[in-house]
Amino acid sequence: MDKTVDPCVDFYRYACGTWMKNNPVPPDKSRWGRFDELYENNLYILRDILVQAQTRGQHSASEKMVGDFYGACMDEATIEKKGTTPLAAELQRINAVKTKADLIKVVAYMHQNATPALFAFSPQPDMHDSNATIAFVDQGGITLPDRDYYIQEDAKSVETRQKYLAHVQKMFELAGDTPDVAAAEAKTVLSIETALAQASMDRTQRRDPKTRDHKMTVAEIAATAPNFDLTAYFASNGSPKFSTLNVGNPDFFKQVNSQLESVSLADWKTYLRWRAITSHAQVLTKAFVEEDFEFNGKFMSGQQEMEPRWKRCVKATDQALGMALGQLYVDKTFGPEGKERTLKMVKAIESAMQQDIGQLTWMSDRTKKQAYEKLNAIVNNIGYPDQWRDYSSVVIKSDDYAGNSTRAGAFEVKRQYNKIDKPTDRKDWNMTPPTVNAYYRPPMNDINFPAGILQPPFYGNMMDNAVNYGGIGVVIGHELTHGFDDQGRKYDAQGNFRDWWTPQDGKEFEQRADCTAKEYSNFVAVKDDQGEVKLNGKLTLGENTADNGGLKLAYMALTEIIGNTSVKPIDGFTPQQRFFLAYGQIWCQNVTDQEARKRVLTDPHSPGEWRVNGAVQNSAAFQQAFGCKAGQPMVSANACRVW
Ligand SMILES: [Zn+2]
């Protein structure tokens, strides 16, 4: 805390000021906050598990597998010796393409091996029948983190494209091309990706599920974009045969269809070679890893140095075999009592939401009935999945990092493809257990809290209710509120995209959401020598709605527990004050200007400062707890409230 700051003037600095002063962004990071601290701590625990798994003695099959994966990643000498050999097969396949008809088959092959290119293919619950999972094709194929980087004309975007060109050229050189050839190839890549970006819908628009809802037959989409030859793609990508699918952005396929004809075969091959090289950069030699870091780490994110190898290898293991490593992590760190206590808090916060909906003056009883139904149907997943994933078919060798990584990637792609035209698997998790995060899935109508987040500062057995409710309690309330934010409210209790609101209630909701969108659009996300950038209130609307709602619901639940009993202050703070301090302090963070700029374009979450100050400005309970007066910065004159 920085007690020299008035909590009613800048609560974020009051709660986090000293932490921020004492915890600058470490040179191997682009952002450093309480979430990152905790994840860093998890990395050490995971490393112990992985090192232990490599020692002599008895080990389970899972231990052996993750140990070998980690060991192969750490074995830099072998990786150097192999040079670009691990890329050879994929590049050869691309080089061998003789016709545009063959091009799509190589894309299918690349997708099967987890190399993204041209467009995206995955399973997805049917938007109108969430119990069935169907195939889904969507826009994709760009390398920079957002379409805007290719399209915007501001100085920063122009600079980014120049740096990107130089980076692509260097990577082609590392792959064996002469500087002249590589320079021309880089221009080709940028021009093709710019066309893909121009055909892509922007992130903010895509928040509305309506923009992504286009169920078609295979024949229909194939006819819309004949040059893609999607029929040949579906037949050769290793997915089960299907006849209908959802198309995320049909216009993308229509627009790129003409590019497939006008751009030469040689240029398309250059683009695919680039996608293969950049996707493999992290599993290749030091030269590739370093060049990849120079652009993506240093230039794009402001990271000064690379993370030590072991951290990158722990993360790579978590990404490739996360449920096997996660099982070992859970055995070591997470007992059944953690699950039980969290569930109790979830129930308390769900009942606060029930009460909150009941008290809304702007919502009709008809819509409330549907809202209750949705709330009561939410499934709570805590800690880790009921059933662990079986990786036994993945071949992991102790001396083949790139091969391991490709085989694990291909295993996951196959696992995903196998969901197509089957009943939706609602038990499958999107995050691995050590992850310090949580999520809500509209089509599943479930909230999920991996074991990684169920520890201090979010949650502690030794901490009192005020602190736990201000920490993990608000996170629970946040995820619940996602079921009712600008996106979530458009799905019903079963997870179907269906309007269950009366028109008047829908209008009332939109008015309140609009207030929040405008409010956050005024907040400055980054101010550096390249100018000032404000938040995109529409892109961050769902998260800001969830922050405000979560804070309110967790506070209601805490009040219910404390009741009229007088709880003694601790360290001079009332339970109410400690609740808000705990909330403020989970968001303490420092971030590089580069990372902050990237996030304004790509991250639906607001930066820590506004997750805290934005939410408390709208909270009468906060203002009461700290005795803030009208006119002070932490008292919004026009407080927005959705939930
Ligand atoms: Zn969220």
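Numbering of ligands and ligand atoms starts at 1, following listing order.
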Checklist entry - Closest to the Zn ion (ligand 1), which N/O/S atom of E543 is it? => result OE1
Checklist entry - Do any N/O/S atoms of H605 come under 2.8 Å of the Zn ion (ligand 1)? => result no
Checklist outcome for this item: For A525 and L535 the tightest heavy-atom approach is CB-CD2, 3.9 Å
Next on the checklist: If the condition is ring-ring contact (aromatic ring centres under 6.0 Å, His included), which residues does W500 pass it with, not counting sequence neighbours?
Outcome noted: none
Checklist entry - Is the Zn ion (ligand 1) less than 2.8 Å from an N/O/S atom of D547, whether that atom is in the backbone or a side chain? => result no
Checklist entry - Does F11 have its ring centroid less than 6.0 Å away from the ring centroid of F626? => result yes
Checklist outcome for this item: Closest to the Zn ion (ligand 1), among the N/O/S atoms of H482, is atom NE2
Item to check | Selection residues 426-527 - residue pairs positive for disulfide (SG to SG under 2.5 Å), sequence neighbours left out | outcome: C515-C640
Next on the checklist: I'd like the atom name of the N/O/S atom in H478 lying closest to the Zn ion (ligand 1).
Outcome noted: NE2
Checklist entry - Where is the tightest heavy-atom contact between P385 and M323, given as atom of each residue plus distance? => result CG-SD, 3.9 Å
